[in-house]
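Keep in mind that the numbers below use all heavy atoms, side chains included, and drop hydrogens, waters and symmetry copies. The structure displayed is predicted, hence computed values, not measured ones.
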Amino acid sequence: MDMPLPTRGRLDPAEMVQEGRVHRAAYVDPAIFEMEMDRIFGRAWLYLCHESQVATPGRFFATQMGREPVIVARGRDGVIRVMFNRCTHRGAKLTMDETGQAKRFVCCYHGWAFDLDGKLAEVPLPEGYGDGAYPPEDGSLDLVRVPRVENYRGFIFASLAAEGPTLAEFLGPVASSFDDMVDRAPGGLLEVAGGVSRHAYDGNWKLVIENHNDTLHPRFVHASSVAAARDQKDTVHSDGAGEVQIKQMRQNGAPAAVWESLGIWASASGHSFMGDYHTDAHMAARPAEDPVQMAYRKALEETHGVERTEEILSIQRFNTVVYPNLSFMSRFRQLRVVQPISVNRTVVTTYTFRMPLAPPEMFRDSIAFANVVNGVGSLVLTDDLETYARVQDGLASQGGDWVDVKRGMGGDANEANGTLRGQTGTSEIHLRAQFAAWRRWMTA
Ligand code: FES
Ligand SMILES: [Fe+2]
């Protein structure tokens, strides 16, 4: 029997995810959103940043873990720590800068100064605090650390919960996407570079991570940008960047058979990845005999040898979603962090990575790719954002309580690597996996 219309905050998350369908309250109910911040963002491993963003002592990166403001900082000892961005005196946030170089974190309010490792180092006019034993020796006024921090091949994650699965257990088979990204970089070296792109949309945070492995939508949502790209001459831009953009947009109009034959894999933690739908040898408008490609391959062979290089370059992977807050493209070195703001507002920040030991043209290609796929001027991105807003509006209506996620259901197959594979490339297996994880976090 169908459940009654949602009464705010009165729905039980356990009832909201059923076989092949999800209750719309998951997207529109502010009380459910608050619960998600506590139970999902307050417990799961969340991606924070790449270690290159805090490469040397004193470098810091400030971000949010759900509701919680945190600072990732590399100490004088080289250790990366994650602390709450909250002064232990009367609570002011210690930094409003997103990145920077600090000797100490000095509070704007009464000047308490904290070392890079969070230790309260100096208090102005200490005698005024009673016995004058300020800062106290016992560390009771040091910054509070986020309970768990782990680094997988340079990607830093943290969890607000003291207990739970390890990062390796949490990532499971999706760790292979990070391997793909790092292994493709000569010397295993990657660094965030080229600035940051950020946009917000009027919709629930789940919409973007659902969309990135939704291979059914490009032919429809992106029809107009595909048509515009098809109208362009192949040679419209001569510096290479235009070719990257046109090729990428045209690929969105690939025939149904291309999408159906793609692989899509999901794992128990709600993560997923899809195969690469680019039919070219390399999307970046550079054939294998291109001098840049040849130099890249040579650099990679110096790291891995010929055989292993071949194996690495043969991996076909496009988007990977790490539930709940990360989506990245290992092959194209694009990474997107999802920050929920409210039940119907979300911010997405995109980073591009440079491979310092690869030919510099490859970084230019990555930036061109970033602009067409993730940049705020991107035609495809704006198509998607418009769609999220329409979905959000539709779900807020009384035109039905359920979201249907049955495509491909019953055809999911176990794979040796611990994933489930969708029956075809357009299966909604990734949505079923995300909501299975959602239900588990929300009811545990
Ligand atoms: S609130 Fe930070 S020093 Fe007073
Ligand atoms: Fe899209």
Is Asp202 paired with Arg345 through a side-chain N to carboxylate O contact shorter than 4.0 Å?
yes
Could you check whether the rings of Phe353 and His50 sit parallel, tilted or perpendicular, using 30° and 60° as the cut-offs?
perpendicular
Would you check if the side chain of Asn85 reaches a backbone N or O of Thr95 as a donor-acceptor pair within less than 3.5 Å?
yes
Here the gap from Ile312 atom CD1 to Ser314 atom OG, rounded to the nearest 0.5 Å, amounts to 9.0 Å
Tightest non-hydrogen contact, residues Val391 and Leu207, listed as CG1-CD2, 3.7 Å
What pair of heavy atoms forms the shortest contact from Asn252 to Trp259, and how long is it?
O-CZ2, 3.5 Å
Test Leu48 against Val82 for side chain to side chain contact (heavy atoms under 4.5 Å, CB included), laying out the working first.
CA-CA 9 Å; Leu48 301 185; Val82 185; 3.8 Å; yes
Non-hydrogen side-chain atoms of Arg317 and Ser176 separated by less than 4.5 Å:
yes
With no hydrogens and no angle check, just 3.5 Å: does a side-chain donor-acceptor pair link Glu36 and Trp205?
yes
Could you tell me whether the side chain of Thr443 and the main chain of Arg439 form a donor-acceptor pair under 3.5 Å?
yes
Where is the tightest heavy-atom contact between Glu51 and Asn151, given as atom of each residue plus distance?
OE1-ND2, 3.0 Å
Is any side-chain heavy atom of Val343 less than 4.5 Å from a side-chain heavy atom of Ile32?
no
Evaluate the criterion side chain to side chain contact (heavy atoms under 4.5 Å, CB included) for residue pair Thr346 and Val338; output intermediate values, then yes/no.
CA-CA 7 Å; Thr346 305; Val338 178; 3.7 Å; yes
Counting N and O atoms only, with roles assigned by atom type, does the side chain of Glu169 sit under 3.5 Å from a partner on the main chain of Thr166, one being a donor and the other an acceptor?
yes
Salt-bridge present (Arg407, Asp214; N to O < 4.0 Å)
no
Without swapping roles, check the side chain of Arg333 against the backbone of Arg331 for a donor-acceptor pair under 3.5 Å.
yes
Ignoring hydrogens and angles, tell me if any N or O in the side chain of Arg67 forms a donor-acceptor pair with the backbone of Glu34 under 3.5 Å.
no
What are the two closest non-hydrogen atoms of Ser225 and Leu379, and how far apart are they?
CB-CB, 4.0 Å
Met37 atom CE, neighbour heavy-atom count above 12 within 6.0 Å
yes
Hey, could you give me each pair passing ring pair (Phe, Tyr, Trp, His ring centres under 6.0 Å) that has a residue in residues 370-396? Not counting sequence neighbours.
Tyr201-Tyr388
Might you work through the side chain to side chain donor-acceptor pair (under 3.5 Å) test for Trp45 and Glu150, ending with a clear yes or no?
CA-CA 9 Å; Trp45 285 99; Glu150 282 198 49; 5.3 Å; no
Polar side-chain atom of Arg440 near backbone of Ala268 as donor-acceptor pair, under 3.5 Å
yes
Would you call the rings of Phe170 and Trp441 parallel, tilted or perpendicular if under 30° counts as parallel and over 60° as perpendicular?
tilted
Could you give me the CA-CA distance, side-chain angles and deciding distance for Gln251 and Val258, then say whether side chain to side chain contact (heavy atoms under 4.5 Å, CB included) is met?
CA-CA 10 Å; Gln251 294 289 1; Val258 171; over 6 Å; no
Answer whether the closest heavy-atom distance between the side chains of Lys206 and Phe435 falls below 4.5 Å.
yes
Could you check whether any side-chain heavy atom of Phe157 comes within less than 4.5 Å of a side-chain heavy atom of Leu171, counting everything from C-beta outward?
yes
I want to check something: taking the side chain as every heavy atom from C-beta on, are Cys49 and Tyr351 in contact at a cut-off of under 4.5 Å?
no
Just by distance, no angles: are the side chains of Asn374 and Gln334 close enough, under 3.5 Å, to form a donor-acceptor pair?
yes
How close do Leu143 and Leu94 get, counting heavy atoms only, and between which atoms?
CD2-CD1, 3.5 Å
Given 3.5 Å as the limit, does a donor-acceptor pair link the side chain of Thr303 with the main chain of Gly187, or not?
yes
Only counting residues at least two apart or in another chain, list the ones meeting side chain to side chain donor-acceptor pair (under 3.5 Å) with Glu191.
Arg354
Please indicate whether Gln101 has more than 12 foreign heavy atoms, meaning atoms of other residues, nucleotides or ligands, lying under 6.0 Å from its CD.
yes
Is there a side-chain contact between Glu428 and Arg432, using heavy atoms and a 4.5 Å cut-off?
yes
Begin with the C-alpha distance, continue with both residues' side-chain angles, and end with the deciding distance and a verdict on side chain to side chain contact (heavy atoms under 4.5 Å, CB included) for Gln293 and Arg297.
CA-CA 6 Å; Gln293 284 284 43; Arg297 182 177 281 263; over 6 Å; no
Flag side-chain contact, heavy atom, 4.5 Å: Arg184 against Asp180
yes
For the backbone of Ala161 and the side chain of Ser159, can you confirm whether one donor and one acceptor N or O come within less than 3.5 Å of each other?
yes
Does any N or O in the side chain of Thr387 come within less than 3.5 Å of the main-chain N or O of Asp383, such that one atom is a donor and the other an acceptor?
yes
Atom NZ of Lys298: over 12 foreign heavy atoms under 6.0 Å
no
Below 30° counts as parallel, above 60° as perpendicular, anything between as tilted: where do the rings of Phe155 and Phe178 land?
tilted
Tell me yes or no: between the side chains of Arg336 and Thr350, is some donor less than 3.5 Å from an acceptor?
no
Counting only heavy atoms not in Arg153, do more than 12 fall under 6.0 Å of its CZ?
yes
Between Thr352 (side chain only) and Gly194 (backbone N and O only), is there a donor and an acceptor less than 3.5 Å apart?
no
Scanning both residues in full, the closest heavy-atom pair of Met83 with Ala73 reads CE-CB, 4.0 Å
Looking at residues at least two apart in the chain, or sitting in another chain, which of them share a ring pair (Phe, Tyr, Trp, His ring centres under 6.0 Å) with His222?
His217
Would you say that Glu68 contacts Val146 through its side chain, given a criterion of any heavy-atom pair below 4.5 Å between the two side chains?
no
